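Below: one structure, written as structure tokens.
Order of the sequence lines fixes the chain letters, A, B, ..., with proteins taken first and strands second; residue numbering starts at 1 for each chain. Values below: all heavy atoms of this structure, side chains included; hydrogens, waters and symmetry mates excluded. Here the structure is a predicted model, which means the values were calculated and not measured.
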There are 2 protein chains.
Amino acid sequence: MTPEVRDRLDAFIKHKGLRNTPQREALVQAIFASDEHFTADELWDRLRGKEARSSRATLYRTLGLLTEAGLLQEIDLGDGQTTYDPNFLDHPSHNHLVCIDCGKVVEFQDHGIDVLNDCITRRLGFRPVKHSLRIEACCESLRSKGHCRNLIQARLEGKRLPGKKR
Amino acid sequence: MTPEVRDRLDAFIKHKGLRNTPQREALVQAIFASDEHFTADELWDRLRGKEARSSRATLYRTLGLLTEAGLLQEIDLGDGQTTYDPNFLDHPSHNHLVCIDCGKVVEFQDHGIDVLNDCITRRLGFRPVKHSLRIEACCESLRSKGHCRNLIQARLEGKRLPGKKR
DNA sequence: GTTATTGCAAATGATTTGCACAAGG
DNA sequence: CCTTGTGCAAATCATTTGCAATAAC
């Protein structure tokens, strides 16, 4: 966890008059241990075996809090569950490409989009707050070679592919 | 309903060996009567009083079918329900700006985004299928004048504002 | 006659919430 | 102490699904 995250979180806790609990702290540690995005369920799995495990209710409440604090970004990958992105402070521009073949998600940034967003938003009479471009695409190698490494991997892991709801 | 839509639908029905039923037809009529986007619930309301009313199950099944046929576009406005856009054939590039103050949704097109999408997707090694830019912004007039006509309207209509889930 | 379709009611599944109890400060 | 936080179980709520009855073709 970067000092920035820590500071921002502490400030938020103080500002809102919240308290420090081991459950919340364990969740925060698990969340910011990596910069990978995750779902509520994946986070639940990460806490497997950890001493300070919380209930699902607390997990969801904490996710809401961190989102409110601006430390997490909710994103929708079209699979019926919310995905959380802890990578927001470092990368305020959040765009995702989802492979419709295997469900792989590529996160990327693009300056052009940022500029374009700003122009468009102002032209429409609003002030920009945030934006995200979501691209659905298909795998080039699947098309040319007839197979896709990601696809195989995804099947093995039993991942839910895009298009499947719930 | 434009002839294009009709043709495409008929072709789809024939291709998949589906049948023509009054329920489905009534739904299709209601959906393509306007080019406004809608939720399952709003569509349900549109059928109020119509003779050929269907069950919710059929409504959802039909929405799925039309989406599969490429006649509807599923979009996520972040309010916990799927919004459907019937405006896809005419406007393949689908972008939305959501006002975080009042929840108003502005649909817009932008050639720059289309170009950018194409470049980015290929650069990442994929083939573009579809994309959508989702902008969250706040109302300029709310900020400068302290009020926003949309906000008032939204409250009156009891609309669910962004950020509220379910 | 087949086979797709419908309606109903029950199931799903992620997320939320009421409540009584536990525990920060 | 006085709140805020937690866990549990029950509640939500949009959407899906099993199934028996209907209805296209």
Side-chain angles (χ1 to χ4, degrees), chain A residues 9-10 12-28 37-45 47 50-69 72 74-84 158-166, chain B residues 9-10 12-28 37-45 47 50-69 72 74-84 158-166:
Chain A
L9 179 56
D10 289 344
F12 182 75
I13 298 233
K14 181 178 289 183
H15 175 65
K16 296 263 293 185
L18 307 181
R19 292 170 184 175
N20 284 312
T21 67
Q23 290 92 331
R24 200 136 66 195
E25 181 59 23
L27 282 163
V28 167
H37 42 54
F38 59 90
T39 63
D41 241 43
E42 286 164 357
L43 177 57
W44 181 252
D45 283 344
L47 289 221
K50 292 278 191 300
E51 359 50 71
R53 189 183 198 138
S54 74
S55 68
R56 272 197 147 77
T58 297
L59 183 152
Y60 277 111
R61 283 189 274 239
T62 301
L63 287 174
L65 241 32
L66 293 175
T67 301
E68 191 189 336
L72 285 182
E74 295 183 333
I75 56 188
D76 173 69
L77 263 25
D79 62 350
Q81 57 192 330
T82 304
T83 295
Y84 295 86
K159 285 243 169 111
R160 212 161 351 189
L161 266 41
K164 302 278 168 245
K165 283 290 189 60
R166 316 236 152 146
Chain B
L9 179 56
D10 289 344
F12 182 76
I13 298 229
K14 179 177 291 183
H15 174 64
K16 296 262 294 185
L18 307 180
R19 292 170 184 177
N20 283 313
T21 66
Q23 291 92 331
R24 200 136 68 194
E25 182 58 23
L27 282 164
V28 167
H37 43 53
F38 59 89
T39 62
D41 241 43
E42 286 164 358
L43 176 57
W44 181 253
D45 283 343
L47 289 223
K50 292 278 191 301
E51 1 48 72
R53 186 178 199 147
S54 74
S55 67
R56 272 198 146 78
T58 297
L59 183 151
Y60 278 110
R61 285 188 273 238
T62 301
L63 288 175
L65 241 32
L66 293 175
T67 301
E68 191 190 337
L72 285 181
E74 295 183 333
I75 55 187
D76 172 70
L77 263 25
D79 62 350
Q81 58 192 329
T82 304
T83 294
Y84 295 86
K159 285 244 168 111
R160 213 166 344 196
L161 267 40
K164 302 281 168 243
K165 285 286 186 63
R166 317 237 148 145

Separation of atom CD in A:Q23 from atom P in C:dA23, rounded to whole Å: 9 Å

Rounded interatomic separation in angstrom, taking CZ from A:R56 and P from D:dT6: 16 Å

Presence of A:T21 side-chain N/O under 4.0 Å of D:dT6 phosphate oxygens OP1/OP2: yes

Pairwise 5' ranking along DNA chain C for A:T39 and B:R24, keeping only the more 5' one: B:R24

For atom CG of B:L77 and atom C1' of D:dA14, their distance in whole Å: 15 Å

Qualifying residue for side chain to side chain contact (heavy atoms under 4.5 Å, CB included) with B:R24, from B:L59, B:L18, B:L9: B:L18

Interatomic distance where CG belongs to B:D41 and P belongs to D:dA14 [whole Å]: 6 Å

Nucleotide of C:dA4, C:dC8, D:dC8 approaching B:S55 most closely (side-chain heavy atoms): C:dC8

Distance test, side-chain N/O of B:Y60 to OP1/OP2 of D:dT16, below 4.0 Å: no

Nearest heavy-atom neighbours spanning B:E74 and B:Y84: CG-CE2, 3.7 Å

Whole-Å gap separating C1' (D:dT15) and CG (B:L43): 14 Å

Comparing A:P22 and B:P22 on DNA chain D - which has the more 5′ nearest nucleotide: A:P22

Between D:dA14 (P) and B:F38 (CZ): distance, integer Å: 16 Å

N or O in side chain of B:T58 less than 4.0 angstrom from C:dG7 OP1/OP2: yes

Contact summary for B:W44 and B:S55, nearest pair of heavy atoms: CZ3-C, 3.6 Å

Interatomic distance, B:Q81 CD vs C:dT16 P [rounded to whole Å]: 15 Å

Euclidean distance, atom CD1 of residue A:I13 to atom P of D:dT3 [Å, nearest integer]: 20 Å

Distance-only donor-acceptor test (3.5 Å): side chain A:R61, base C:dT16: no

Upstream residue (5' side of DNA chain C) when B:K16 and B:L59 are each assigned their closest nucleotide: B:K16

N/O (side chain, A:T82) to phosphate O (OP1/OP2, C:dA14) under 4.0 Å: no

Nearest-neighbour nucleotide for the B:A40 side chain, D:dT15, C:dA4, D:dA9 considered: D:dT15

A:L63 side chain reached by A:F38 side chain, heavy atoms, under 4.5 Å: yes

Closest non-hydrogen atom pair, B:R53 against B:Q23: O-CG, 4.4 Å

